[in-house]
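For reference, the structure discussed in these notes is given below.
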Amino acid sequence: MTPVWISNPFTLGPMFAFTYWMGTLLMPATRTFSPATTHTDGLESLIATGTVILAPMALGGCVVGAVSAGITYLIIKKLAHTVRRRTMW
């Protein structure tokens, strides 16, 4: 379990960036996010900024997760079929 805590900081950034990028391809943002121009004067501004990032990231995460799950399912199904066929003889 300890290696998970060591490797996650290195993989977390690229995974979040990829899911955000994928989400922005599928759902063009009406507003662009720029840390230099974002003002967090109040809670509403902070929530609005979070929504600009969170909505594309959530959509991208769902798409990437669904595609990854489908590919993994097909690979495991083929592998299970091969193993069953070899162990029956």
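Throughout, residue positions are numbered sequentially from 1 according to the sequence presented. Computed from heavy atoms alone, side chains included, the values below leave out hydrogens, waters and symmetry copies.
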Going by the rule ring pair (Phe, Tyr, Trp, His ring centres under 6.0 Å), which residues pair with Phe18 if we only count those two or more places apart in sequence or in a different chain? Trp21
Apply side chain to side chain contact (heavy atoms under 4.5 Å, CB included) to the pair Thr19 and Met22, showing each step before the final yes or no. CA-CA 5 Å; Thr19 57; Met22 182 63 67; 5.6 Å; no
Approximate separation, where rounding is to 0.5 Å, of Tyr20 OH and Leu59 CG: 12.0 Å
Hey, can you pull the donor-acceptor pairs under 3.5 Å for the side chains in residues 67-80, sequence neighbours left out?
| unit_1 | atom_1 | unit_2 | atom_2 | d |
| --- | --- | --- | --- | --- |
| Ser68 | OG | Val64 | O | 2.8 |
| Thr72 | OG1 | Ser68 | O | 2.8 |

